[in-house]
Amino acid sequence: MPPPRRSADGHAPPVSRPRADPPGNEPEETIDWVARFKACSTGCELEASMEALMVEVCKQLATVGTAEHAPRPRPPSSVCKKSGGYDPVAATKIQRLYRRNRKRAFRDIVEGDSQHCQLPVDEVQRHFTSVFNANPRDEAPPPDCVPPWDPLADPEDSDPLSVPVTIEEVTARLTKAMDTSPGPDGVRYSIWKKLPNGAHILKEIYNAVLRIRYSPSTWSTSTTILLHKKDDVNDLSNWRPIALSNTVGKLFASIQGSRLLNWSRRHGRISKSQKGFMPYEGCLEHNAALQDMIQNARRTNTEAVFAWLDFRNAFGSAPHTTIFQSLALAGLAEESIGVVKMLYKDCTTSIRCGNNMTDPIAIKAGVKQGCPLSPIVFNLALEPLIRAVESLNQGIQIHGQSRSVLGYADDLVLISSSPEGLEEQLLVASMVADWAGLSFNARKCASLHVKGMKPGVIKTQFNIQAVPMEIVDAEGVYQHLGVPTGYKVQPSATKTVQKMQQQLEAIHKSLLAPWQKFDALHTFVLSQLSFHLKAGHVPKKPLIKLDKAIVRTCKLWLKLPERASNEILYLPYSLGGQNLLPLSKLADACQLTRAVRLLTSNDPSSAELAQKTMVSVAAKRLRRAASQEDTARFYNGDASPEFKTYTDVESAWTHLRKATTRLKTSIDVAWKPLDSGLELEICGQPAARNTVERQLRDALRLKYYNTLVAKKDQGKVIEVTAAVSASNHFCRAGKYTMFADWRFIHRARLNVVPLNGCNRAGKGNNTACRRCGQPGETLPHVLNHCRPLLHLGTQRHNAVLKRLQKAVKLGPEVKVYENTSIPEVASNLRPDWVTIDEKAKVVNIIDVTIPFESRASAFTTARETKTKKYADIAKHFKDRGYDTFLDAFIIGPLGGYDPANNVVTKRLGINDTYLNLMRKLMVSDTIRWSREIYVQHITGVNQQQKQRRNRQPAQ
């Protein structure tokens, strides 16, 4: 096989690329841009080429922006004319904004007025000029306490940043890039993805930058917005600056950041103690390790001392001298350091405050805010301090491991087995910080001195940079990586749960569409709780209270009465639910997820610590050595006396036992012993690290589905509509669904619509149909059998038939018979649709029927009835040698789509792409007509005439 062709620059062509033309078919203008950047040899030429390119890109941006953000036409009949304070114009505005920018719409709903900083521009200018001002520091060698780095494993691999950029690198980063707020030029990543051969153009830009060692001036400018963190809004230190840079420069920095991270990992340039911005679940693992060490000191009656360190504006104040010197200490070649210096040269930012902007402020200190290269650069700049502390060997020993520091970016925890050891660590940290030009905020630093169970906590005073630190007592906590940490296990997310309740109420009062309200609840509200449920301890009472509020509010969004089953909320979208789960069950599932992820961590030391701690907790309860079988029994909730007679220190692992025990009452979940540890099994399948949470959620939802389907009245329709996801296509995004249909369908499927036959007030009530007088005014009767409304049922039937006919392409030679008897056939029956191809000797006999979804057997019976009814017609053609096909096409009046219809659609040759759309449209059609039948039955008002009157202009 011949080798693949290579491009002129020696790189193999990419396998795939976003919207790129195949090689050899590039548009003429694309070839010109590639050649133009290849020919750049000076900074002036590069600047001119970039300016010309951006003019062309901005032209496309204007076209795309007009098409994407143009208002959607809205028919007059769909405009709400209700009174009572409802503003249809405002509703349209917020619903369109949510479709375009969900984050901004949610912020407008829950925060109301703009939360932009409203302080005077002059004050903002002065503050950030001081913050970004150069922090003078000589390039002095680090203190002797900083150990030297080991030599590079491959001495030739010291210059990863200045090598040419490949098309694979550009394509990989561009594919992963998500549209966020754009930089000053207004160009988003999606524009570069849509630009013909955009990845190749970007590659040549980047290689020109590396070749001539010059970055365009537009890469050095940014717009900074301020986000309020907490406390006084008039204190600028309480505002977090977020820089918005141009996407071309950010993508280049992203490529270089990925290169530097991979290089650092290859050569061990980042300590294992540092997990910020690294491919680990750093917050989860560090919080778990810290709590395990505190609880282990209590459990084993030993001593442990901890110090939480908080830097004062570490990201924004780190001197550039420190950054570049740390890169050199790590062994990075001067050529690569030059690339970083080039990106940091002459950087400025303008800060938005209210409707005004500050003058450009020079950034002479700190890593670049919002730059993808900044995380790994900052980690390397902080590495001398972490290595210096680790080299003291003053950490604690736990299960055969030594831990002296935990780092997550600038959040550091120093750990020692004695107060003297911690004092030495703090002294070294202060020395290295002084050398690096960094300072600690002693007011936000704290220490905890644990000494067994008694006295428990000793109030020992420690200093950092000669300033006293706060002391955490036995009842106190320190907020570490979002989790309150202290001598005892402390409740997490107390304020978060309260905030979620307020946000839920704000969403409820908003003018979002109901399906948008559910999306906002999932995306922005419930997501806040996920981390706390895994990394912290959230008490059940506030969760149960919040869950009741969610259920009550969500039923209002679905227009369901109180008596409607809660299980409908817990089903996935594909089964007709809203993808929720009871928060108490979700909390238990997250505890098991946490354990599995710790036991299978990418960091072997974290996995080993979790495994040994897990066994030690079981052994403490047994008061003897615990085998893997003993440990499995303990966490599975074994109630034997040996597991009940002794209590242990409260910890995440004792909570795991309780969580497993509670979940076992709902789903099949158990810990199984292995030679290497424990493994979680869910419904008989091993839990995988990346899918364990989804496995648990799916198992819970299956349990709620079975519970709902087993209900005699509210489960019969769900059993049918859950068979095909197209029957529930509207649940997630409301596609092809009117608000009136949404208000009807969920009640109808649960059989909780107000009808005489569904009245639950007691015996003796009149259950007769209000239109035809027949006994039993039930939903099946109204939608399928009430005589005064059968003509609407015929129109519903015809709507489905027309959709089916539209999807089939018939040649001119094919004879078509629609709802008529067939000549030469001795039968007066009139199938809905018969096609006869005399030349190919092919006959298709299709009859559409819409039986009510009274369990799955209703569809089976309807199909058997139809095929039996037209069997003689089929036999007539078969006897004459025709390839004859006879079948029914079935959809329920509440949107149930029969999976057996696939045989019909395959026979008719409907392609899969249109079939997917056709199913959804048919489901929406049947729901819409069924709603009209129901409303006309209740009100006696002809809905079609009413709609025609509403469409007429006012006289």
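Sequence positions, counted from 1, serve as the residue numbers for this chain. The figures that follow rest on heavy atoms only: side chains count, while hydrogens, waters and symmetry mates do not.
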message: Under a plain distance cut-off of 3.5 Å, with no hydrogens placed, do Ser190 and Asp179 share a side-chain donor-acceptor pair?
response: yes

statement: Here the gap from Ser727 atom OG to Ile927 atom CD1, rounded to the nearest 0.5 Å, amounts to 8.0 Å

query: Listed by chain and number, what are the ring-ring contact (aromatic ring centres under 6.0 Å, His included) partners of Tyr408, not counting sequence neighbours?
result: none

- prompt: Minimum heavy-atom separation for Thr523 to Arg102, with atom names?
  reply: OG1-NH1, 3.4 Å

Option passing side-chain hydrogen bond (donor to acceptor under 3.5 Å, both in side chains) with Thr691 (candidates Glu693, Arg689, Gln695): Gln695

query: Taking atom CG of Asn579 and atom OG of Ser574, what is their separation to the nearest 0.5 Å?
result: 8.0 Å

message: Under the rule for side chain to side chain donor-acceptor pair (under 3.5 Å), what residues qualify as partners of Asn101, not counting sequence neighbours?
response: none

- prompt: Is the backbone N or O of Ala520 less than 3.5 Å from a side-chain atom of Tyr98, with the two atoms forming a donor-acceptor pair by type?
  reply: yes

query: Counting heavy atoms not belonging to Arg213, are there more than 12 under 6.0 Å from its CZ?
result: yes

field: Side chain Ser374, main chain Gln369, donor-acceptor under 3.5 Å
entry: no

- prompt: Quick one: are Thr247 and Trp192 in side-chain contact, heavy atoms under 4.5 Å?
  reply: yes

- request: Give me the ring orientation class for Trp239 and His228: parallel if the planes are under 30° apart, tilted from 30 to 60°, perpendicular past 60°.
  value: tilted

message: Tell me the closest heavy-atom pair linking Ser924 and Thr737, and the distance in Å.
response: OG-OG1, 4.3 Å

task: May I ask you to decide if Ser254's main-chain N or O and Ser258's side chain share a donor-acceptor pair within less than 3.5 Å?
output: no

Verdict with supporting geometry, Leu152 and Arg269, side chain to side chain contact (heavy atoms under 4.5 Å, CB included): CA-CA 9 Å; Leu152 295 177; Arg269 279 14 222 172; 3.8 Å; yes

query: Can you check side chain to side chain contact (heavy atoms under 4.5 Å, CB included) on Phe132 and Thr224, steps first, answer last?
result: CA-CA 13 Å; Phe132 295 144; Thr224 297; 5.6 Å; no

- prompt: Excluding sequence neighbours, so at least two apart, what forms ring-ring contact (aromatic ring centres under 6.0 Å, His included) with Phe524?
  reply: Phe106

query: Roughly how far, to the nearest 0.5 Å, is CD of Glu281 from CZ of Arg597?
result: 5.0 Å

message: Quick check against the 3.5 Å criterion: does His320 have a side-chain atom that pairs as donor or acceptor with the backbone of Gly366?
response: yes

message: What I want to check is whether the side chains of His267 and Asp157 have a donor and an acceptor closer together than 3.5 Å.
response: yes

- prompt: Under 4.5 Å between any side-chain heavy atoms of Glu47 and Ser217, yes or no?
  reply: yes

task: Mark yes or no for whether Lys368, through its side chain, and Leu373, through its backbone, hold a donor-acceptor pair below 3.5 Å.
output: no

- prompt: Can you tell me how far the CE atom of Met922 sits from the CG atom of Leu917, to the nearest 0.5 Å?
  reply: 10.5 Å

message: Could you check whether any side-chain N or O of Gln95 sits under 3.5 Å from a backbone N or O of Leu511, counting only pairs where one atom can act as donor and the other as acceptor?
response: yes

- prompt: Is there a donor-acceptor contact under 3.5 Å from the side chain of Asn246 to the main chain of Val248?
  reply: no

- request: Indicate yes or no: at least one non-hydrogen side-chain atom of Ser510 is less than 4.5 angstrom from one of Ile94.
  value: no

- prompt: To the nearest 0.5 Å, how far apart are CZ in Arg36 and CD in Glu45?
  reply: 9.5 Å

message: Keeping Thr905 on the side-chain end and Asn902 on the backbone end, is there a donor-acceptor pair under 3.5 Å?
response: yes

For residues 803-812, dump all side-chain donor-acceptor pairs below 3.5 Å to protein atoms at least two apart in sequence or in another chain.
{"residue": "Arg803", "atom": "NE", "partner": "Asp925", "partner atom": "OD2", "Å": "2.7"}
{"residue": "Arg803", "atom": "NH2", "partner": "Asp925", "partner atom": "OD2", "Å": "3.4"}
{"residue": "Gln805", "atom": "NE2", "partner": "Glu818", "partner atom": "OE1", "Å": "3.3"}

- prompt: Can any side-chain N or O of Gln274 pair as donor or acceptor with the backbone N or O of Ala409 at less than 3.5 Å?
  reply: yes

field: Trp219 side, atom CH2; Met342 side, atom CE - distance, nearest 0.5 Å
entry: 7.0 Å

task: Could you give me the CA-CA distance, side-chain angles and deciding distance for Leu380 and Ile270, then say whether side chain to side chain contact (heavy atoms under 4.5 Å, CB included) is met?
output: CA-CA 7 Å; Leu380 289 169; Ile270 301 295; 3.5 Å; yes

- prompt: Got Leu97 and Lys93 here, is their nearest side-chain heavy-atom distance under 4.5 Å?
  reply: no

- request: Answer yes or no: are there more than 12 heavy-atom neighbours, outside Asn911 itself, under 6.0 Å from its atom CG?
  value: yes

message: Treating Arg211 as the side-chain partner and Lys38 as the backbone partner, does any N or O pair qualify as donor plus acceptor under 3.5 Å?
response: yes

query: Which heavy-atom pair separates Ala333 from Asp159 by the least distance, and what is that distance?
result: CB-CB, 3.9 Å

- prompt: Can Lys341 and Glu334 be counted as an ion pair, charged N to O under 4.0 angstrom?
  reply: yes

query: Do the side chains of Ile205 and Leu53 get nearer than 4.5 Å, heavy atoms only?
result: yes

message: Checking Arg107 against Lys103 for the side chain to side chain contact (heavy atoms under 4.5 Å, CB included) test, could you report, in this order, the C-alpha distance in whole Å, the side-chain angles of both residues, the deciding distance, and whether it holds?
response: CA-CA 6 Å; Arg107 188 168 62 244; Lys103 185 179 294 186; 4.1 Å; yes

query: Are Val165 and Arg259 side-chain neighbours, meaning at least one heavy-atom pair lies under 4.5 Å?
result: yes

task: Please name the pair of heavy atoms, one in Leu161 and one in Leu260, separated by the smallest distance, quoted to 0.1 Å.
output: CD2-N, 4.0 Å

Which atom of Arg919 lies closest to which atom of Ala726, heavy atoms considered: CB-CB, 3.7 Å

- prompt: Can you check whether Val187 reaches Pro182 side chain to side chain, under 4.5 Å on heavy atoms?
  reply: no

- prompt: In this structure, are over 12 heavy atoms from other groups packed under 6.0 Å from Gln528 atom CD?
  reply: yes

- prompt: Does the side chain of Pro216 come within less than 4.5 Å of Val209's, by heavy atoms?
  reply: yes

query: Of all heavy-atom pairs between Thr223 and Pro184, which one has the smallest distance, and what is that distance?
result: OG1-CG, 3.6 Å

- request: State which residues pass ring-ring contact (aromatic ring centres under 6.0 Å, His included) with Tyr214; sequence neighbours excluded, sorted by chain then number.
  value: none

- prompt: Can you list the residues that meet the ring-ring contact (aromatic ring centres under 6.0 Å, His included) rule with Trp515, with sequence neighbours excluded?
  reply: Phe739, Trp742

- prompt: Aromatic rings His729 and Tyr736: how do their planes relate, parallel, tilted or perpendicular, breaks at 30° and 60°?
  reply: tilted

